[in-house]
Amino acid sequence: MPIRPLVVGNWKMNGTRAMLSEARAIDRAAQRIGAVDVALAPPYTLLHAVQAEAEQISVGAQDCSANDIGAFTGDIAASMIADVGAKFVLLGHSERRQHHGEDSALLTAKCRQALAAGLQLILCCGESAAVRDEGKEEGFVLEQLQAILPQAGEFSSSVSEVLTVAYEPVWAIGTGRTASSDDISAMHNRIRALLVTQYGQEQGEQVRILYGGSVKPENAGEILALPDVNGALVGGASLSAQSFMGIVLAATGSDAE
Ligand code: PGA
């Protein structure tokens with residue numbers, strides 16, 4: 001079965017209510033394009049408002065707590081994210097790993113909370129420049145991902161409906177540098193093999209693997225045409241409807257420029 005592409009915008013710590021018009025424009029354009037699944041992860045403060053604008057796009061959070069509701073000042077539980085109608089959560093983003101020391105044990109607990117709340121997961125992985133310079137990126141990324149992949153039995157519906165993986169080399173995030181097509185293909189191919197081992201041929205082949213790291217309308221066509229690249233996780237270029245939709249258009253196979 002061909003995989004429907006998914007393009008996710010991660011607004012990170014950007015966006016005030018003034019950005020709701022961009023979210024609306026993205027939603028309306030996504031309706032017109034149709035052939036691509038489009039999603040936005042705004043900051044928590046905008047989650048409810050963006051969800052209220054969304055007729056076509058899927059809306060999700062950039063993180064969730066490893067705990068259920070209770071006395072955890074400043075945290076947001078997965079069940080609270082689901083309560084505002086959001087559908088997914090990003091987990092394991094390199095900025096969370098780096099700035100908040102998130103490790104595999106914590107991320108595993110977050111995954112469990114998200115699954116219990118009925119949220120879909122977008123699990124991020126990626127190597128630093130130092131790891132790539134040593135030539136150890138494949139082993140590093142596969143180990144990082146394997147450590148947080150839920151067991152098949154933890155999913156209440158089919159794995160591929162709930163799980164998406166995003167490969168984002170840390171040195172490509174927000175830097176304007178992208179991995180070469182060969183490097184992206186090689187890594188996505190290895191991730192696909194891991195997913196097939198973990199979940200079996202039928203499910204493992206249907207899980208979407210996104211590429212992230214300085215994806216823009218200008219480079220999206222080439223990246224999204226690579227085998228085993230089923231979409232993109234986009235930071236900076238998702239803050240404007242015009243550039244984000246250029247990437248979504250590229251995912252249809254049409255010319256983005
Ligand atoms: P970028 O961010 O597109 O700004 O490089 C990607 C990400 O961190 O998801």
Side-chain angles (χ1 to χ4, degrees), residues 5-15 22 26 36 38-41 43 62-63 90-102 107 122-145 148 164-192 194 208-257:
L6 169 66
V7 179
V8 183
N10 171 13
W11 281 3
K12 308 192 178 184
M13 198 170 73
N14 296 290
E22 293 301 308
I26 288 168
V36 177
V38 179
L40 272 186
Q62 300 168 17
D63 182 34
L90 292 179
L91 289 173
H93 192 282
S94 64
E95 287 155 13
R96 300 286 319 167
R97 293 179 190 266
Q98 191 185 336
H99 304 308
H100 299 272
E102 296 198 354
L107 289 167
I122 300 181
L123 300 185
C124 306
C125 56
E127 82 286 356
S128 64
V131 170
R132 182 163 281 272
D133 288 346
E134 280 182 78
K136 296 193 170 147
E137 67 278 2
E138 247 179 53
F140 180 91
V141 168
L142 295 179
E143 207 175 295
Q144 196 186 43
L145 182 60
I148 61 170
T164 296
V165 170
Y167 167 57
E168 300 198 297
V170 178
W171 47 270
I173 295 176
T175 58
R177 291 172 63 199
T178 46
S180 71
S181 293
D182 285 352
D183 289 343
I184 297 172
S185 287
M187 191 64 82
H188 279 235
N189 184 272
R190 299 291 292 120
I191 292 173
R192 176 68 66 209
L194 171 63
R208 290 189 277 206
I209 309 173
L210 313 181
Y211 172 78
S214 299
V215 177
K216 306 184 270 287
E218 298 75 28
N219 60 22
E222 185 180 339
I223 294 170
L224 292 167
L226 296 170
D228 281 322
V229 175
N230 311 117
L233 179 53
V234 184
S238 71
L239 294 172
S240 119
Q242 198 187 357
S243 59
F244 188 55
M245 294 318 292
I247 296 167
V248 173
L249 204 56
T252 66
S254 310
D255 194 349
E257 291 158 71

Participant: Side-chain contact test, heavy atoms from C-beta onward, threshold under 4.5 Å: evaluate it for L233 versus E168 and give yes or no.
Facilitator: yes

Participant: Measure the shortest side-chain to side-chain distance between M13 and Q62 over non-hydrogen atoms and say whether it is less than 4.5 angstrom.
Facilitator: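 No, their side chains stay 4.5 Å or more apart.
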
Participant: How about I173 and K12: do any of their side-chain heavy atoms sit closer than 4.5 Å?
Facilitator: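 They are in contact (side-chain heavy atoms under 4.5 Å apart), so the answer is yes.
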
Participant: Does the R177 side chain pair with the main chain of A172, one donor and one acceptor, at a distance under 3.5 Å?
Facilitator: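 No, the answer is negative, given that no donor and acceptor are paired below the 3.5 Å cut-off.
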
Participant: Whether the side chain of N189 engages the backbone of A186 through a donor-acceptor N/O pair (distance < 3.5 Å, no angle test) should be reported.
Facilitator: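 It does not hold such a pair.
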
Participant: Are the side chain of W11 and the backbone N or O of S238 linked by a donor-acceptor pair below 3.5 Å?
Facilitator: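 Confirmed, W11 side chain pairs with S238 backbone.
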
Participant: So, S181 and E222: side-chain donor and acceptor under 3.5 Å apart, yes or no?
Facilitator: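 Yes, because at least one side-chain N or O of S181 sits under 3.5 Å from a partner of the opposite role on E222.
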
Participant: Could you tell me which non-hydrogen atom of S214 sits nearest to which non-hydrogen atom of N219, and how far apart they are?
Facilitator: O-ND2, 2.9 Å

Participant: Can you tell me how far apart CD (E95) and NE2 (H93) are? Round to the nearest 0.5 Å.
Facilitator: 4.5 Å

Participant: Any side-chain heavy atom of C124 within less than 4.5 Å of one from S94?
Facilitator: no

Participant: Answer yes or no: is there a side-chain heavy-atom contact under 4.5 Å between V141 and R190?
Facilitator: no

Participant: Give, for atom OG1 of T178 and atom CG of D183, the distance between the pair rounded to the nearest 0.5 Å.
Facilitator: 10.0 Å

Participant: Decide if atom CZ of R192 counts as having more than 12 heavy atoms of other residues, nucleotides or ligands within a radius under 6.0 Å.
Facilitator: yes

Participant: Between T164 and L123, is there a side-chain heavy-atom distance shorter than 4.5 Å?
Facilitator: no

Participant: Pick one: which of I247, L6, I26, V8 meets side-chain contact (heavy atoms from CB on, under 4.5 Å) with V38?
Facilitator: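 Of all the options given, the one that passes is I26.
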
Participant: With rounding to the nearest 0.5 angstrom, report the CD1 to CD distance, I148 to E143.
Facilitator: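 These two atoms lie 12.5 Å from each other.
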
Participant: Kindly state each residue pair satisfying ring-ring contact (aromatic ring centres under 6.0 Å, His included) with at least one member in residues 210-252, sequence neighbours excluded.
Facilitator: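 For residues 210-252: none.
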
